[in-house]
Structures are given as C-alpha cells and as structure tokens.
Amino acid sequence: MESGSYVPADIERKWQRIWEEEGTFFAKEDPSKPKYYVLIEFPYPSGEGLHVGHPRSYTALDVVARKRRLEGYNVLYPIGWDAFGLPTENYAVKNKVHPAEVTKRNIARYRQQLKSLGFSFDWSREFSTTDPDYYKWTQWIFLKFFEKGLAYKAEIPINWCTSCKIGLANEEVVNGVCERCGGEVVRRVKSQWMLKITAYAERLLRDLDMVDYIEKVRVQQENWIGRSEGAEVLFPIAGSDRTITVFTTRPDTLFGATYMVLSPEHPLIDELKAQITNTDEVEAYREQTARKSDFERTELALEKTGVPLKGISAINPCTKKEIPVWISDYVLMSYGTGAIMAVPAHDSRDYEFAKKFGLPIVEVISGGDISKEAYTSVDEGTLVNSGFLNGLSVKDAVRRITEWLQEQGIGTPKVNYKLRDWVFSRQRYWGEPIPLVSCDDCGFVPVPEDELPVRLPDVQHYEPTDTGESPLANIESFVNTTCPRCGKPAKRETDTMPNWAGSSWYFLRYTDPHNDKEFASWDKVSYWLPVDWYNGGMEHTTLHLLYSRFWHKFLYDCGLVPTPEPYRKRTSHGMILGEDNEKMSKSRGNVVNPDDLVREFGADTFRVYEMFLGAFDQASPWSQQGVRGCRRFLDRVWRLQDMVVDGDEYSPELETLMHQTAKKVSDDIERMKFNTAVAALMTLVNAFYERGQALKAEFRDFLILLNPFAPHISEELWERMGFAGRISGQEWVQWDESKALEDTIDIPIQVNGKIRGTVTVARSAQKEEIRSKAEEDKAIAKFISDRQIVKEVYVPGKIYSIVVK
RNA sequence: GCGAAAGUGGCGGAAUGGCAGACGCGCUAGACUUAGGAUCUAGUGAGCUUAGCUCGUGGGGGUUCAAGUCCCCCCUUUCGCACCA
C-alpha cells in the first residue's frame with residue numbers, strides 16, 4: 001500500500017468541512033455528561049489580521065478542549081468578536097468608511113483565518129459585541145448598575161488623551177501616554193459616567209481565595225486593588241474650628257508627626273484662604289501642579305516640591321504642639337483623604353521633604369539611624385518620645401493608639417484601597433450608547449427596557465468634536481427625544497461605553513447567544529458556569545479581568561448568575577516574539593502571518609509548532625526553521641501508515657513507552673507543558689521508526705494522543721486506517737502506571753560524588769545486589785577496592801552512592 | 001525604589017535534590033540520487049596526554065553522599081507597580 005505524500009491543504013479543508021457539516025463541536029446542554037467550559041479572550045478584529053502570536057492561546061485551549069471531549073466531557077469552546085473601539089473608528093475616520101463596514105470586513109477576515117487553523121470552536125454561538133442584539137444587553141446591564149446607584153456622574157479630573165480626544169481610565173495610561181495611540185495624556189476636569197467598582201474592592205480581593213489563578217495574576221490583582229489598613233485621624237487647625245483629616249497606616253508614629261501636607265487640589269485650601277498669608281505663592285504652585293500631567297507629576301518628579309500655607313498651623317493631637325501645614329504634589333487628592341500627617345523620621349518620602357525644607361525630624365521608634373535615613377521597619381524597634389506609647393512594639397503601639405484615638409473621638413480605624421472607580425464614558429462614536437435620557441425635570445432617566453437597544457445612528461461623520469464631546473452630540477435626530485418619565489422634550493446621553501464593557505460579560509452570552517428575552521437564561525448560565533479554564537494575556541490582568549469579575553459579582557448580587565466568581569481557573573500565555581527576538585510589530589517588520597504558514601506547511605504543522613516552540617507561559621522567539629522541523633515530524637507521522645502491521649495489543653518492545661507517552665502527554669497538557677508533550681509524541685514516532693513498524697493498537701492510540709495538537713492529520717489517518725467512527729468521537733488513551741515503568745533499569749554508581757559507571761538490574765533489586773554488581777564492574781571497582789567504605793546511600797530506582805576513604 | 005520571573009550547547013529549549021543538555025533546529029560525515037531546501041543512517045557541550053580523564057547550568061560562598069534545582073551575597077535581563085501616606 002502506497003499512501004502518497006502528505007498534502008495538508010487537501011485533508012485540512014476536507015475535515016474542516018466535515019466538522020462543520022456534522023456539527024462536531026456544537027455544544028448542547030447535556031445533563032448526562034460533566035460540562036467543561038473552555039474560554040479564550042475573544043479577539044479584537046483589527047485591520048491587520050491575525051499574527052502568529054494570537055493563536056498561541058487559541059491553540060493551547062483547543063488542545064485542552066479536544067482532550068476534554070475525548071475524556072467524556074461536554075465541552076463549550078466558543079468564539080466571538082470584541083469589535084467596538086478606537087482602532088476601528090480611527091481607521092474608519094481616516095479612510096471614510098463606516099466603522100460598521102470596517103468591522104464587518106475585519107471579522108470576515110479573522111473568521112476565515114481562525115477557521116483555517118481548525119480550532120474546535122462552537123461557531124454556532126458566534127457574535128460580536130457590536131451586534132445590536134448583543135449590546136442591547138450590555139446597555140441593559142448598565143441600567144442595572146444605574147438603578148442600584150453604582151453608575152454615577154462625577155466631575156473629576158480625568159486622564160485626557162490629547163490625540164484620541166477621550167478620557168482614559170488610569171489603567172489605560174501607560175508611562176504617561178495613551179495606551180492605544182501613544183498620545184500625550186493630561187489632566188482635565190470633565191463630567192463622566194463612573195462605575196463604582198470600589199464598592200466591590202474588598203470582595204474582589206477576598207474572593208481571589210475562591211479561584212485558581214496563576215500566582216502572577218493573583219498577585220497583580222491584589223496589588224492593583226491595593227488594600228491597606230490604618231486609621232483616619234483628625235488634626236485641629238489652630239485658631240479655627242476646622243480640622244484636617246488624614247489617613248495613615250502608621251498611627252503608632254503619631255507623636256512623630258512634625259508637619260502636615262495637603263494635596264494642592266485639597267478643597268480646604270480655598271476654605272482657609274482668608275487665613276493664608278502667602279496666597280499668591282500658594283496659587284502659583286497650585287496652577288503649576290494643575291498644568292502637569294500625571295506623568296510629569298509622578299514619574300518625572302525627581303525632587304520634592306512644595307509651599308507652606310503661611311498663617312495656618314495644625315495641632316498634633318498627641319504632642320499638642322502646633323505644626324506647619326504645607327501643600328505638595330507628592331500628596332495625591334485621589335488617595336485617602338488627600339492629606340497626610342508627615343512623620344519624616346519614619347517615612348522616606350516625608351524624610352526627603354523635611355530634609356529639603358528644613359522641617360523637624362523627631363524619632364519616635366528606636367532601632368534606626370535617622371541622621372542618615374528614615375527608619376521604616378515595622379517588625380522591630382521600640383516606641384520612644386511618644387508619651388504613653390513609650391516602650392511598646394510597633395504592633396502594640398498601633399493597637400493602643402487606635403483605641404486611644406477612638407476614645408478621644410479623633411480617629412477611627414480605616415481601610416483604604418488603591419483601586420479607583422472606573423471612568424465609563426467615552427466621547428466617541430464606535431461604542432455602546434449609554435442608554436440614558438437627560439430631562440430638565442427628572443434628571444437622568446433610563447431608557448425603558450422595551451426600547452433597548454439604543455442604536456447607534458447611521459451617519460457619515462463620527463469625528464470627535466473639538467469640545468471633547470461625543471460625535472453623537474452633533475446628531476440632532478439622535479440627541480433630541482422625549483423624557484420616558486414625564487414626556488417632555490429631553491436629550492439623550494451622547495457618551496458611549498468603553499470597549500471593556502462588551503468584554504465584561506461576553507462569556508455569559510456564549511451560554512445562550514440567541515436569547516432575545518434575557519441576556520442569558522438562568523438554566524443556561526447555571527449549566528455552563530463557571531468558566532472552567534480561562535486563558536489570556538497578562539496585559540488584561542488589571543483591566544478586563546478585574547472589570548469582568550466586578551460585573552459578574554454585581555449580576556450575582558442581582559440574582560442573575562449562579563456563581564460569585566466567573567472564572568474557576570485563569571492562566572496566561574507568554575508572548576511570541578519575532579525571529580529577531582523583539583516584540584512582533586508592523587513597524588519592526590518582523591510580523592509572521594499564519595496564512596502564509598498554513599499555505600506552505602499546513603494548519604497542523606502550524607499548531608504543533610505553536611505548542612512546541614517553547615514553554616507556554618514564557619516569551620519565545622519564532623523560528624521558521626523550527627516550523628520546518630514540525631512539518632518534518634508530521635511527514636514522518638504520515639508515512640507511518642505504511643509501517644502499520646496488525647496487532648490488537650501493544651508490542652512487548654513498545655509497551656512501556658506507550659504507557660509512558662500516554663501518561664506524559666496527558667500530564668503535560670494539564671500542566672500546560674505543551675512543548676514537552678509534543679516532544680514525547682516525537683520520541684514515540686522515533687521509536688516506531690527505529691523498530692521499522694507500529695502495531696495497529698499502538699498507532700491507534702498514538703493518533704488519539706496526537707489529535708488535540710494535529711486534528712486534521714489524525715482524523716485523516718484514522719479514517720485511512722479503517723478505524724471505526726471519527727477520532728473526535730473516541731476516548732482518551734488510558735495508561736497503566738505500573739506498565740509505564742521499565743522492568744530493568746540502569747542504576748548509576750556514584751563514588752565520592754562522581755558517577756563512575758552504571759549497573760543494570762531489575763527494578764526490584766535490593767541494595768546488596770547493586771553493591772555486588774558494582775564491585776564486579778572493573779571500571780567501578782577500581783574506585784572502591786582498597787578503600788574503606790564510609791557511607792552508602794541507595795535511592796531505589798535512582799542512584800547508588802558510595803563514599804570511600 | 002518596590003515586587004515577580006528568568007539567566008543551561010551555535011539556537012529554541014528539557015531535567016519530583018539523584019547519569020545536565022530530552023525533543024527540535026542548525027551543523028558534520030555517509031547512503032540514495034541527474035539534483036537536493038527531499039529521505040535515511042551515524043555523530044554533534046568544552047578541553048586533554050582520548051581504552052579514558054578533567055571541566056561545565058551568570059559570578060562568589062555554603063548545606064548535602066549528591067546542587068541547574070536548596071540557603072546567603074553579587075551581577076545581568078525581562079515584566080509589573082511606582083510619591084497609594
């Protein structure tokens with residue numbers, strides 16, 4: 001039998017058609033099977049199409065999804081499009097094409113590319129966040145937030161991208177520039193819709209205990225939420241009935257507070273204006289600060305600056321001494337109370353400030369040398385110069401002073417978070433309209449549910465306005481409406497949502513994508529949730545992942561989803577770099593396009609290489625030579641069909657290796673060590689070649705193990721071998737732990753720490769047998785004989801170690 | 001500055017404290033061939049006085065019968081956070 005050569009193009013198209021026709025990967029609720037929900041971050045369909053980095057995650061979880069199906073799970077592995085957002089809109093504006101049209105084209109391209117790679121997605125559940133049927137429910141969920149008071153409008157300084165002309169969330173500002181376009185970001189006060197994610201800060205933190213996230217992700221979320229315990233303390237202002245409230249994590253150092261600092265934006269400054277004697281100087285400093293971007297203010301601030309509020313002094317409630325009050329931009333209005341008590345002896349920032357401006361430094365915790373630097377340790381050191389706290393440890397002093405503050409009515413324990421509320425407004429066209437109507441009499445009124453979705457008007461111009469308002473503001477037919485509550489003329493909200501909105505709940509919609517009565521039925525979400533395994537990029541750890549957990553918890557509180565957490569397990573993949581070891585980008589010209597690879601080598605080769613090129617969680621460079629090697633491997637697999645001979649059981653020669661391979665491939669997939677799983681499959685193929693044949697039973701199981709990685713070729717060979725049914729309908733290979741062990745083993749003999757040879761013994765051999773065999777071996781014996789044996793260690797099955805003198 | 005991860009052949013990378021370099025690429029030699037960017041076979045960490053020996057996982061110490069792996073110090077790279085009181 002001559003099988004002809006391996007032509008991926010023929011068999012890949014064939015099997016993709018068959019899977020589609022037979023609906024092989026369409027998920028149906030089936031209570032007789034355990035369910036398994038596999039999720040990848042759905043792509044943003046950009047104009048450039050896929051590059052080889054994107055499919056790394058899709059391939060890995062496709063391997064998992066296919067393995068789970070073979071293991072008897074009812075698997076949901078869905079796909080869709082996160083298609084609202086700036087790149088599309090910017091492209092549309094530039095090229096005078098409607099964003100909806102651009103989106104349609106981009107999706108078509110991505111769909112075709114993904115289909116060519118043979119992922120086992122359930123394409124029947126595909127949707128885009130830009131579909132009115134979908135964003136209707138995004139708007140609906142927003143209205144729930146609004147109803148519960150978690151969506152509110154605030155005049156706050158926002159990060160304003162001067163290039164995109166939109167407000168950005170803190171998370172979207174990277175190194176002082178816009179994450180998307182790299183444009184300059186300045187602070188600007190604007191009335192914005194906000195979502196109160198801070199109301200969920202504690203639960204977002206605490207419930208990390210309920211889920212299985214890789215360490216890196218968990219730690220980053222914890223740091224981003226940034227919980228810290230401390231106390232709020234009131235400092236009276238001398239000669240005034242006003243007070244300054246500060247937050248401190250070190251109330252134990254209160255006796256060492258020698259001055260105070262307000263943020264330049266602090267409202268108290270205006271209230272105290274009458275008493276301030278250097279108003280000009282103060283105002284000049286405040287203006288100077290306002291002009292600075294956050295980047296200049298934080299990243300570039302090499303040296304502390306500040307101005308004293310002359311005429312104002314506060315009273316340290318412990319020492320009763322009057323202390324000066326300064327303003328400085330090292331104190332942020334957005335954290336705590338926007339004011340601090342400065343303890344220069346025990347806080348390095350305060351220390352630096354005090355040194356520069358000659359402010360007093362009083363040691364209240366012994367143990368350091370405050371003539372050199374601030375002493376910030378909390379684990380050792382004893383309170384000094386602190387009245388009733390003297391002699392206590394830091395820990396005890398914190399407890400004692402907090403009690404005292406409460407007794408005096410001038411302080412309370414307090415928890416603060418770094419996490420800020422989510423700026424939810426965008427002044428752009430290509431996003432979900434915020435479904436509210438502004439009425440002079442009724443205020444903001446929700447659009448009634450039966451009028452959702454509020455559709456984007458189909459217009460020619462969607463350039464941002466110079467005033468920074470949304471392009472929608474210029475469209476009168478959109479803006480002018482009537483108040484749903486009182487019927488009077490009213491205006492629609494013209495801000496749209498950020499593109500994090502649609503991605504905050506898409507995994508719920510996948511469970512019931514065509515439902516026009518609900519965002520998803522209770523039955524469906526109850527069956528499929530939580531997502532069992534979610535893989536995505538580290539870059540989404542503090543944005544998307546936190547936002548979607550927040551939405552999910554909110555929906556849980558509304559009784560709309562069955563679980564407090566959306567994702568049971570979260571993992572993350574490393575980046576695929578260009579051949580030059582640099583990040584792939586158009587500008588570097590090192591982008592590799594999967595289309596070319598599929599054409600030249602086939603989708604299976606592409607998939608195998610994606611999994612083989614390096615450790616999944618680490619960045620690895622692409623190598624065209626490496627791809628060739630994987631193609632060579634599949635060519636060898638293809639030719640195996642001519643080497644298969646009858647045999648319903650494993651041959652004695654390969655039995656151990658078969659069991660070892662099944663075990664290794666299975667374990668490695670679970671541990672996301674896809675590269676070593678592929679290596680194990682290669683080793684097995686090498687063994688078949690060495691032997692010159694493979695028994696039917698061996699080849700059959702090999703194909704099943706290969707299937708998740710190379711689904712097309714394994715399906716095709718399965719059929720050609722005349723095995724029953726489809727390979728995608730088989731059971732995963734079982735292995736026998738005891739048969740995965742060799743019966744005879746080589747034990748290395750170590751003398752004084754050096755390997756001097758090996759002896760071959762039965763696995764069950766005892767120490768004595770190995771010892772005598774070692775002594776019979778001349779090469780080994782010469783290192784032992786005539787010496788005195790001081791120590792012997794035998795680690796069964798591993799090594800025999802002898803120490804001689 | 002803080003936190004995390006990493007540093008292993010010419011390259012990508014393997015190694016529950018137990019024979020470092022699996023698997024692949026590349027390279028060398030041979031076979032087959034009109035040809036080879038096909039295929040097959042063998043070899044491939046370095047050095048040496050080459051039946052073998054010595055050295056070898058960023059550098060320096062240490063623990064251990066045994067260290068890439070554990071501990072201490074240092075260097076480098078990448079990523080995240082960055083005046084969060």
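Just so it is clear: chains get the letters A, B, ... in the order the sequence lines come, proteins before strands, and each one is counted from 1.
- For A/Ala679, the listed nucleotide lying nearest its side chain is B/rC23; candidates were B/rC23, B/rA14, B/rA85.
- For A/Asn675, a side-chain nitrogen or oxygen approaches OP1 or OP2 of B/rA14 to under 4.0 Å.
- Listed nucleotides: B/rC40, B/rA85, B/rA82. Nearest to the side chain of A/Tyr689: B/rC40.
- Between A/Lys664 and A/Arg628, the residue anchored nearer the 5' end of RNA chain B, judged by the nucleotide with its closest heavy atom, is A/Lys664.
- For A/Asn686, the side-chain atoms get nearest to B/rG24 when compared with the rest of B/rG13, B/rC83, B/rG24.
- For the OP1/OP2 pair of B/rG80 and a distance below 4.0 Å, the side-chain nitrogens and oxygens of A/Thr542 include no atom meeting the criterion.
- Side-chain contact between A/Leu545 and A/Val217 is present, with at least one heavy-atom pair separated by less than 4.5 Å.
- Partner assigned to B/rG12 is B/rC23, using Watson-Crick or G-U wobble distances below 3.5 angstrom.
- In this structure, the CD1 atom of A/Ile214 is 13 Å from the C1' atom of B/rG80, given to the nearest Å.
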> Is there a side chain to side chain contact (heavy atoms under 4.5 Å, CB included) between A/Glu232 and A/Val246 once you walk through the steps?
Replying inline: CA-CA 5 Å; A/Glu232 275 191 358; A/Val246 301; over 6 Å; no
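- Comparing B/rG18, B/rU39, B/rG12 against the side chain of A/Phe612 picks out B/rG12 as the nearest.
- Minimum atom distance to the side chain of A/Pro621 is reached by B/rG13, of the listed B/rC81, B/rG13, B/rG26.
- Remark: A/Arg632 is not in phosphate contact with B/rG37, judged by side-chain N or O atoms under 4.0 Å from OP1 or OP2.
- The P atoms of B/rG24 and B/rU44 are separated by 15 Å, rounded to the nearest whole Å.
- No side-chain heavy atom of A/Trp224 sits less than 4.5 Å from a side-chain heavy atom of A/Gln220.
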>> If you apply the rule salt bridge (charged side-chain N to carboxylate O under 4.0 Å, His left out), what do you find for A/Lys767 with A/Glu792, and how did you get there?
In response: CA-CA 9 Å; A/Lys767 195 174 173 179; A/Glu792 287 170 90; 5.2 Å; no
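- Here B/rA85 is the nucleotide among B/rA85, B/rG18, B/rC83 with the atom lying nearest to any side-chain atom of A/Ser228.
- Of the listed nucleotides (B/rC23, B/rA85, B/rC53), B/rC53 has the atom at the smallest distance from the side chain of A/Arg756.
- A/Pro264 places a side-chain heavy atom less than 4.5 Å from the side chain of A/Tyr285.
- Remark: B/rU54 base-pairs with B/rA46. Criterion, Watson-Crick or G-U wobble with two distances under 3.5 Å.
- When both pairing distances are held under 3.5 Å, B/rG1 makes a Watson-Crick or G-U pair with B/rC81.
- With a 3.5 Å ceiling on both atom-pair distances, B/rU69 lacks any Watson-Crick or G-U wobble partner.
- Comparing B/rG13, B/rC19, B/rA15 against the side chain of A/Ile755 picks out B/rC19 as the nearest.
- Counting to the nearest Å, the P atom of B/rA14 and the CE atom of A/Met611 are 13 Å from each other.
- Comparing A/Lys418 and A/Ile747 against RNA chain B, the residue whose closest nucleotide sits nearer the 5' end is A/Ile747.
- If you measure from atom CD of A/Glu600 to atom P of B/rA38, you get 12 Å, rounded to the nearest angstrom.
- A/Asp635 pairs in a side chain to side chain donor-acceptor pair (under 3.5 Å) with only one of the listed residues (A/Arg631, A/Arg639, A/Arg632), which is A/Arg631.
- Straight-line distance from the CZ atom of A/Arg636 to the P atom of B/rC23: 11 Å, rounded to whole Å.
- Note: CD (A/Glu690) to P (B/rU41) measures 8 Å, nearest angstrom.
- Partner of A/Met584 under the side-chain contact (heavy atoms from CB on, under 4.5 Å) criterion, out of A/Glu579, A/His51, A/Met575: A/His51 alone.
- The shortest side-chain heavy-atom distance between A/Asp350 and A/Tyr330 falls under the 4.5 Å cut-off.
- Side-chain proximity of A/Lys754 to the nucleotides B/rA85, B/rC55, B/rA4 is greatest for B/rC55.
- A/Ser623 and A/Gln625 are not linked by any side-chain donor-acceptor pair at a separation below 3.5 angstrom, with hydrogens and angles left out of the test.
- Between the side chain of A/Lys798 and the base of B/rC19 there is no donor-acceptor pair of N/O atoms closer than 3.5 Å.
- Protein atom NZ of A/Lys663 is 12 Å distant from nucleotide atom P of B/rU16, rounded to whole Å.
- In a base pair of the Watson-Crick type (N1 to N3 plus N6-O4 or O6-N4) or a G-U wobble (N1-O2 and O6-N3), with each distance short of 3.5 Å, B/rC40 is matched with B/rG30.
- The distance between atom NE2 of A/His346 and atom P of B/rA85, rounded to the nearest whole Å, is 17 Å.
- In this structure, CD1 of A/Ile225 is placed 20 Å from P of B/rG3, rounded to the nearest angstrom.
- Nucleotide B/rU76 is matched to B/rA6 when pairs are restricted to Watson-Crick or G-U wobble geometry with both distances under 3.5 angstrom.
- B/rG62: glycosidic angle beyond 90° from 0, hence anti.
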For nucleotides 61-67 of chain B, give me every protein contact, N/O to N/O, under 3.5 Å, one pair per line with atom names.
from, atom 1, to, atom 2, distance (Å)
B/rC65, OP1, A/Lys791, NZ, 2.7
B/rC65, O2, A/Ser801, OG, 2.6

